[in-house]
Q: 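Let me begin by handing over the structure; questions about it come next.
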Amino acid sequence: MGLFSGLESLGFKTSNMELYPKEESRVKPGAASDSQKGKTEVLLKEEDCLFPKTHICPVCDKKFKTLSVRAGKLRSIGQDEDLRPLYREMDPLKYDAIVCPNCGYAAVSRYFDIMLPVQKKRIREEIQKNFGGMEVSTDVFSYDEAILRYKMVLMNDVVGAVKSSRKAYTCLKLAWIIRGKLEKEGPKLEPSECDKLHDDEMECIQNAYEGYVMAFSNENFPMSGMDELTVTYLTAELAFKLEKYRESLQLVYKIIGNNAASSRMKEKSLDLKERIRSQVKEEKIES
């Protein structure tokens, strides 16, 4: 995929952009199922769960409106093993990437209003001056629109030199969005298109994993709104998806042996432990 592919159409050159600059690793500061298949019952249309929300851009100071989700209308149906939330009515993740249509500043909702002066300067110099504008739907966002918006967020994360955990969080949510597209549109796509979407998702999973591993040694908790045990479990699950079974198991044991871990967290960790062992056993048999 290339994490930033598609942004060229908006006026950006991305060939030399690195998600995690090498110097980051040397700097230290002071249940659900895997898919929604079979979940066809929908009581509300997607547009019924949305409303136009006004934002003030912290970079260009202009007001703009973008579609936001009426959370009270959604009903949870659980989550994927890597904590991706699932809802009966729609996929609200499509609307969490906020992009200013005037200057190109973008961030997930959790971080949109968080802006340091040095970050504002960088975004004005590297994003705003190159931003060619983008079309914005006024009814619902397609998955392709959502993917492009998350890529804008990731570019802003890199330009703004945000923490590794924040970039990892963006990569994780982009992976979830790509998975959502594959689940919803997969039956209508060619096998090669499905394979590419899967590869794109795994690229994002890889980068999310690397970011959180880096953050463990560089940052304090909470990260991405999650406590240490939750991030540990999430990172273990990402490692499992990447077939890094030894690393995943090491993280799982940290949770199982921690008295502060809730019974539910330990249960999820024990389940992951069994999945790791089953997968390793299966691979040994096949080999």
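Bear in mind that the values here come from a model prediction, so they are computed numbers and not experimental data. For this chain, numbers begin at 1 and follow the sequence in order.
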Q: Between the side chains of Asp96 and Arg149, is the shortest nitrogen-to-carboxylate-oxygen separation below 4.0 Å, so that they form an ion pair?
A: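 No.
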
Q: Quick check: closest heavy atoms across Arg166 and Ala107, and the distance to 0.1 Å?
A: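 In this case the closest contact between Arg166 and Ala107 is NH2-CB, 3.9 Å.
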
Q: Decide whether Phe51 and Phe64 are clustered together by the hydrophobic rule: side chain heavy atoms of Ile, Leu, Val, Met, Phe, Trp, Tyr closer than 4.5 Å, transitively.
A: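 In one cluster with Phe51: Phe64, no.
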
Q: Is the centre of the Phe221 ring less than 6.0 Å from the centre of the Phe216 ring?
A: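 Ring centroids of Phe221 and Phe216 are less than 6.0 Å from each other.
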
Q: Is there a path of hydrophobic side-chain contacts, each under 4.5 Å between heavy atoms of I, L, V, M, F, W or Y residues, that connects Leu270 with Leu251?
A: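 Looking at the clustering, Leu251 is in a separate group from Leu270.
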
Q: Distance from Asp157 atom CG to Lys151 atom NZ, nearest 0.5 Å?
A: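 Here the interatomic distance stands at 14.5 Å.
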
Q: Considering only heavy atoms from C-beta outward, does the side chain of Tyr169 approach that of Val231 to under 4.5 Å?
A: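 No, side chains not in contact.
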
Q: With a 4.5 Å cut-off on side-chain heavy atoms, are Ile256 and Lys273 touching?
A: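 A side-chain contact exists here, since the closest heavy-atom pair is under 4.5 Å.
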
Q: State, with a plain yes or no, whether a side-chain heavy atom of Glu126 is found less than 4.5 Å away from one of Phe131.
A: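 A side-chain contact is absent here, since even the closest heavy-atom pair is not under 4.5 Å.
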
Q: At their closest point, which heavy atom of Glu145 faces which heavy atom of Val136, and how far apart are they?
A: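 Closest heavy-atom pair between Glu145 and Val136: OE2-C, 4.4 Å.
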
Q: With rounding to the nearest 0.5 Å, note down the distance linking CD in Glu210 to SG in Cys171.
A: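 Here the interatomic distance stands at 9.0 Å.
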
Q: Following the transitive rule for hydrophobic clusters with a side-chain heavy-atom cut-off under 4.5 Å over Ile, Leu, Val, Met, Phe, Trp and Tyr, establish whether Leu116 and Ile127 coincide in one cluster.
A: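 No, Leu116 and Ile127 fall in different hydrophobic clusters.
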
Q: If you look at every heavy atom in Arg122 and Gly160, which pair is closest and at what distance?
A: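 Heavy atoms of Arg122 and Gly160 come nearest at NH1-O, 3.6 Å.
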
Q: Count I, L, V, M, F, W, Y as connected when their side-chain heavy atoms are under 4.5 Å apart, and connections chain through other members. Are Val108 and Ile56 then in the same cluster?
A: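 Result: no, two separate clusters.
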
Q: One pair to check against salt bridge (charged side-chain N to carboxylate O under 4.0 Å, His left out): Arg179 and Asp82. What are the steps and the verdict?
A: CA-CA 12 Å; Arg179 189 184 309 164; Asp82 61 0; 2.5 Å; yes

Q: Please report the C-alpha distance between Glu46 and Lys94 in whole Å, then the side-chain angles of each, then the deciding distance to 0.1 Å, and finally whether the salt bridge (charged side-chain N to carboxylate O under 4.0 Å, His left out) criterion is met.
A: CA-CA 11 Å; Glu46 185 166 336; Lys94 291 195 294 180; 2.9 Å; yes

Q: Taking all atoms of both residues into account, what is the closest heavy-atom pair of Glu237 and Leu272, and its distance?
A: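 What the structure gives for the nearest pair is OE1-CD1, 3.6 Å.
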
Q: Quick check: closest heavy atoms across Lys241 and Met202, and the distance to 0.1 Å?
A: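 Minimum heavy-atom separation between Lys241 and Met202: O-CE, 3.3 Å.
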
Q: Less than 4.5 Å apart, side chain to side chain, heavy atoms only: is that true for Val159 and Glu125?
A: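 Heavy-atom side-chain distance check fails, nothing below 4.5 Å.
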
Q: Do the non-hydrogen side-chain atoms of Cys204 and Ile178 ever get within less than 4.5 Å of each other?
A: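 The answer is yes, as the side chains (C-beta and beyond) meet within the 4.5 Å cut-off.
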
Q: Under a 3.5 Å distance rule, please check whether Asn156 uses its side chain to pair with a backbone N or O of Met152 as donor and acceptor.
A: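 Yes; at least one donor-acceptor contact below 3.5 Å.
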
Q: Mind checking whether Phe112 and Tyr105 have ring centres under 6.0 Å apart?
A: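 Yes, they do, as the ring centres are separated by less than 6.0 Å.
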
Q: Would you check if Cys57 and Cys103 make a side-chain contact, meaning some heavy-atom pair closer than 4.5 Å?
A: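 They are in contact (side-chain heavy atoms under 4.5 Å apart), so the answer is yes.
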
Q: Passes side chain to side chain contact (heavy atoms under 4.5 Å, CB included), Val162 versus Lys167? Steps please.
A: CA-CA 7 Å; Val162 302; Lys167 286 184 280 191; 3.6 Å; yes

Q: Can a salt bridge be assigned to the pair Asp48 and Lys73 using a cut-off of 4.0 Å between side-chain N and carboxylate O?
A: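 No, Asp48 and Lys73 are not salt-bridged.
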
Q: Side chain to side chain contact (heavy atoms under 4.5 Å, CB included), that's the test. Do Met90 and Val140 meet it? Break it down for me.
A: CA-CA 11 Å; Met90 59 170 291; Val140 297; over 6 Å; no

Q: Treating Asp80 as the side-chain partner and Trp176 as the backbone partner, does any N or O pair qualify as donor plus acceptor under 3.5 Å?
A: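 No, because the side chain of Asp80 does not come within donor-acceptor range (under 3.5 Å) of the backbone of Trp176.
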
Q: Give the minimum heavy-atom separation between Cys60 and Gln128, together with the two atoms involved.
A: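 For Cys60 versus Gln128, the nearest heavy atoms are CB-NE2, 4.1 Å.
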
Q: Using a 6.0 Å cut-off, check whether atom NZ of Lys254 has over 12 heavy atoms from anything other than its own residue.
A: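 Count not over threshold, so no.
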
Q: Going by atom types only, do Asp195 and Ser192 share a side-chain donor-acceptor pair under 3.5 Å?
A: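 Distance-only check fails for Asp195 and Ser192.
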
Q: What distance separates Leu242 CG from Ile205 CD1, expressed to the nearest 0.5 Å?
A: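 So the gap between those two atoms works out to 7.0 Å.
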
Q: Are any non-hydrogen side-chain atoms of Leu83 and Leu172 less than 4.5 angstrom apart?
A: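 No, every pair of side-chain atoms sits at 4.5 Å or beyond.
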
Q: Measuring from atom CG of Leu182 to atom CG of Leu189, what distance do you get when rounded to the nearest 0.5 angstrom?
A: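 Here the interatomic distance stands at 7.5 Å.
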
Q: Give the intermediate values and the outcome of side chain to side chain contact (heavy atoms under 4.5 Å, CB included) for residues Phe240 and Gln279.
A: CA-CA 9 Å; Phe240 175 75; Gln279 189 63 37; 4.2 Å; yes

Q: Testing the 3.5 Å rule here: is there a donor-acceptor pair between the side chains of Ser248 and Arg275?
A: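 Result is no, nothing qualifies.
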
Q: Going by heavy atoms in the side chains, are Leu67 and Glu47 under 4.5 Å from each other?
A: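 Side chain of Leu67 against side chain of Glu47, heavy atoms only: no contact under 4.5 Å found.
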
Q: Kindly say whether Met226 contributes a backbone atom to a donor-acceptor pair with the side chain of Thr230 at under 3.5 angstrom?
A: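 No: the side chain of Thr230 does not pair with the backbone of Met226.
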
Q: Go through Val213 and Tyr209 one step at a time and tell me if the side chain to side chain contact (heavy atoms under 4.5 Å, CB included) criterion holds.
A: CA-CA 6 Å; Val213 168; Tyr209 170 76; 3.6 Å; yes

Q: Measuring from atom CD of Glu228 to atom CG of Asn220, what distance do you get when rounded to the nearest 0.5 angstrom?
A: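 Going from the CD atom of Glu228 to the CG atom of Asn220 covers 10.0 Å.
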
Q: Give a yes/no verdict on a cation-pi contact between Arg75 and Tyr87, requiring under 6.0 Å between NZ or CZ and the six-membered ring centre and an angle within 45° of the axis.
A: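 No, Arg75 does not lie over the aromatic ring of Tyr87.
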
Q: Are side-chain N/O atoms of Tyr143 and Glu183 paired as donor and acceptor at under 3.5 Å?
A: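 No, no side-chain donor-acceptor contact under 3.5 Å.
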
Q: For the residue pair Tyr212 / Ser224, report whether a side-chain donor-acceptor contact shorter than 3.5 Å exists.
A: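 Result is yes, a qualifying pair exists.
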
Q: Test your reading of the model: is there a side-chain donor-acceptor pair from Lys120 to the backbone of Pro58, 3.5 Å cut-off?
A: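 The answer is yes, because a donor-acceptor pair under 3.5 Å joins these two groups.
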
Q: Got a donor-acceptor contact below 3.5 angstrom from the Arg88 side chain to the Ser76 backbone?
A: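 Not a single qualifying donor-acceptor pair exists.
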
Q: Quick check for you: to the nearest 0.5 Å, what is the distance between Ile147 atom CD1 and Phe141 atom CZ?
A: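 Atom-to-atom, Ile147:CD1 and Phe141:CZ are 13.5 Å apart.
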
Q: Check whether more than 12 heavy atoms from other residues, nucleotides or ligands sit under 6.0 Å from atom CD of Glu274, and answer yes or no.
A: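 Enclosed: over 12 neighbouring heavy atoms sit under 6.0 Å from CD of Glu274.
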
